[in-house]
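What follows is a short report on a single structure.
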Amino acid sequence: MCSFKMHTLKLNLKESSYNIIIGSNILDNLGKYIRQLNIGPDAYVITNAFIKNRYGGLLNKSLKKSGFTLKFKIVPDTEKSKSIEVATSVIKDITHYDKKRRIFIVAFGGGVIGDLAGFVASIYKRGIPYIQVPTTLLAQVDSSIGGKTAVDLSQGKNLVGAFYQPRLVFSDIGILRTLDKRQVQSGLSEVIKYGIIKDTELFNYIEKGYQGILDLKLPALEFIVTRASKIKARIVEQDEREEKGIRTILNFGHTIGHAIEAAAKYKGYNHGEAIALGMLVASDISTELNLIDTITAQRIESLITAVGLPTKIGKISCGEIIKMHYHDKKFTGSQNKLVLIKGIGKTKVIKNIPLKIIRQALKKRT
Ligand code: GLY
């Protein structure tokens with residue numbers, strides 16, 4: 001039998017520091033942790049149908065045991081839930097439940113639910129506290145940490161939102177064991193990203209141990225979730241609002257990845273798959289600009305292939321991807337800006353990359 005520690009990581013920010021708790025089968029303790037925050041007696045839990053059926057009872061028991069009242073709100077776990085319309089309908093529902101004591105929100109699901117719940121928390125009554133209880137690998141290692149909340153518009157993803165930090169991130173890695181393989185691969189794509197941009201040891205670990213991760217072995221999941229959460233926390237601490245060019249490195253693979261998702265009309269590729277393709281294109285551009293050698297680029301491609309993520313873009317037109325990449329909300333004017341790499345663990349942000357080079361890198365992947 002394996003035994004697991006609970007890890008407590010602190011994310012230090014001037015006025016809104018919080019803890020990230022990581023452990024296996026720890027949901028039973030959630031109520032106790034929330035109680036310590038003194039954020040009110042009434043919980044509004046935004047979740048999806050699968051998570052509610054599978055784990056809602058446990059969460060309910062844990063919160064009630066600690067003296068909270070709670071109401072579940074089920075929303076579909078698809079990108080469509082990240083809309084102004086769904087946010088408005090959730091807020092109207094909250095007003096019926098709000099007992100005019102103090103209410104807080106619990107985001108109990110993957111990235112979509114975390115982003116929506118955080119957005120609603122940021123605007124309801126000019127802001128109420130919220131807790132992230134991420135249930136996918138992708139949400140545990142990335143979207144639940146750092147306070148980026150948003151909904152989409154037809155003009156683009158995440159166009160309306162705020163930086164609004166949660167009061168606690170509570171990652172139960174036991175829940176990851178009910179993920180399907182594609183969801184695990186999608187989250188693993190973000191973990192590989194952390195290895196490439198910041199952590200050679202993590203990259204080496206995944207190279208050797210990816211099978212254990214895909215087989216959902218708890219020690220492997222515990223290692224990658226803790227390591228990735230720590231990297232994300234340290235980056236957010238230094239540049240909470242992405243103003244200093246530090247948090248920017250988390251966008252490695254994302255500018256092209258988002259453009260691929262948009263060009264494919266959010267069908268076919270999930271987020272992690274599109275990011276894997278974006279990382280390959282960024283790595284090919286880095287090779288072309290002599291920032292890395294072909295051996296490093298090959299190592300990245302071999303790992304992405306080994307974990308079963310895509311290496312070919314398929315039928316989407318390069319022209320459409322290039323058009324979409326100009327919609328990146330972080331670009332200034334018509335200048336593009338990509339996070340590239342100088343080696344495993346080292347990044348370099350380059351502006352105004354000639355389209356010819358981007359097109360050539362995309363072509364290699366079609
Ligand atoms: N997912 C990128 C960030 O939080 O900055």
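Every number for a ligand or one of its atoms is a count from 1 in the order of the listing.
- Between Lys148 and Arg247 there is a side-chain heavy-atom pair separated by less than 4.5 Å.
- For Lys148, a nitrogen or oxygen atom sits less than 3.5 Å from a nitrogen or oxygen atom of ligand 1, counting backbone and side chain alike.
- Not a single heavy atom of Glu190 sits less than 4.0 Å from an atom of ligand 1.
- The pair Arg227-Glu201 meets the salt-bridge criterion, with a side-chain N (NZ, NE, NH1 or NH2) lying under 4.0 Å from an Asp/Glu carboxylate O.
- Within the 4.0 Å heavy-atom criterion, the part of Lys232 lying near ligand 1 is the side chain and not the backbone.
- Between Phe68 and the choices Tyr44, Tyr33, Phe104, the ring-ring contact (aromatic ring centres under 6.0 Å, His included) rule is met once, by Phe104.
- Of the protein's non-hydrogen atoms, Arg247 NE, 2.7 Å is the one closest to atom 5 (O) of ligand 1.
- Judged by distance alone, with hydrogens and angles left aside, the side-chain atoms of Arg359 form no donor-acceptor pair with the main-chain N or O of Gly319 at under 3.5 Å.
- By the 4.0 Å N-to-carboxylate-O rule, Lys14 lies too far from Glu237 to be salt-bridged with it.
- Under 4.0 angstrom from ligand 1, the non-hydrogen atoms of Asp142 all belong to its side chain.
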